[in-house]
Amino acid sequence: MSTLNDSEDIYTSNYGSADQNAGLAGSFKPFSSPYLNYDPVYIPASQPEYIFLDGQNKQRGRFELAFGQIGASCMIGAGIGGVTGFYNGLKATTLAGQTGALRRTQMLNHIMKKGSSNANTLGSIAVIYSAFGVILSWARGTDDDVNTIVAATATGALYKSTAGLRKCGVGAAAGLGLSCLYALWNSREKLAELRQFNPA
């Protein structure tokens, strides 16, 4: 009958002899715990952040990004409007000589009015832009800078369409210019590669 020898227990670092461990392939080394008794080579160094179906585009589309863009636009508009309203309210109450609770109330009115107005404006623009972007992405079957430029130009034209033909054209030109700047910034790596390309 064999006896239990603590020096050869699998839970100790002395398990196995040097001759037995020499036959192991790879960079495997015996561990002192059975729960760590594996070869780290079989574990990839990095894991994907998301799990995608086979053949699916491995990035979020315009429809998924639209909600974040609309919410961020409303928050940015509210922040800018709040700061502007605070400045206007401080200036107006100082000129009127108001103090105390009356001045606080007037400043809050300026902040809330200007903040909600700017949030509504930027939120509406973001909704129109996202709608055009999603429609173009579904219609063309791809999402590229062309969709961005067309969507931004159409957004500017539609947003200013009730103010007359001239302002409609100004809005379209503003959307076209901003979207072209964004497209150039988004493609800066490709432009850098083209500048370094030497056909000779």
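Count residues from 1 along the sequence. The analysis underlying the following values was restricted to heavy atoms, covering all of them including side chains, and did not include hydrogens, waters or symmetry mates.
Taking CG from D143 and OG from S137, the interatomic distance works out to 4.5 Å, rounded to the nearest 0.5 Å. Taking OG1 of T142 as the start and CG of N147 as the end, the distance is 7.0 Å to the nearest 0.5 Å. With values rounded to the nearest 0.5 angstrom, L181 atom CG is found 12.5 Å from N186 atom CG. Between atom CD1 of residue I70 and atom SG of residue C74 there is a gap of 7.5 Å, rounded to the nearest 0.5 Å. Here CG of N88 is found 10.0 Å from CD1 of I111. Values are rounded to the nearest 0.5 Å.
Every residue two or more places apart in sequence or in another chain that forms a salt bridge (charged side-chain N to carboxylate O under 4.0 Å, His left out) with D144 is listed here: R140. Applying the side-chain hydrogen bond (donor to acceptor under 3.5 Å, both in side chains) criterion to D145, with sequence neighbours excluded, gives S187.
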Indicate every side-chain donor-acceptor pair of residues 95-103 with a distance under 3.5 Å to a residue at least two apart or in another chain.
residue, atom, partner, partner atom, Å
R103, NE, T93, OG1, 3.1
R103, NH2, T94, OG1, 3.0

Got a list of side-chain donor-acceptor pairs under 3.5 Å for residues 123-130, not counting sequence neighbours?
residue, atom, partner, partner atom, Å
S124, OG, N120, O, 2.7
S124, OG, N120, OD1, 3.4
Y129, OH, R62, NH1, 3.3
S130, OG, A126, O, 2.8

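Linking ILVMFWY side-chain heavy atoms closer than 4.5 Å, directly or via other members, places V146 and L136 in a single hydrophobic cluster.
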When you look at F132 and L158, which way does the side-chain contact (heavy atoms from CB on, under 4.5 Å) test go after all the steps?
CA-CA 11 Å; F132 277 122; L158 181 61; 3.9 Å; yes
When you look at T148 and Y182, which way does the side-chain contact (heavy atoms from CB on, under 4.5 Å) test go after all the steps?
CA-CA 9 Å; T148 301; Y182 173 76; 4.0 Å; yes
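Residues N109 and T105 form a side-chain contact, since some pair of their non-hydrogen atoms from C-beta on lies under 4.5 Å apart.
For the pair S179 (side chain) and G175 (backbone), a donor-acceptor distance under 3.5 Å is present. Remark: side-chain polar atoms of S117 are not paired, donor with acceptor, to backbone N or O of K113 under 3.5 angstrom.
The ring-ring contact (aromatic ring centres under 6.0 Å, His included) analysis of residues 62-102, with sequence neighbours excluded, yields the pairs F63-F67. For the side-chain hydrogen bond (donor to acceptor under 3.5 Å, both in side chains) condition, no pair includes a residue of residues 150-166, sequence neighbours left out.
Heavy-atom minimum distance, Q106 versus H110: O-ND1, 2.8 Å.
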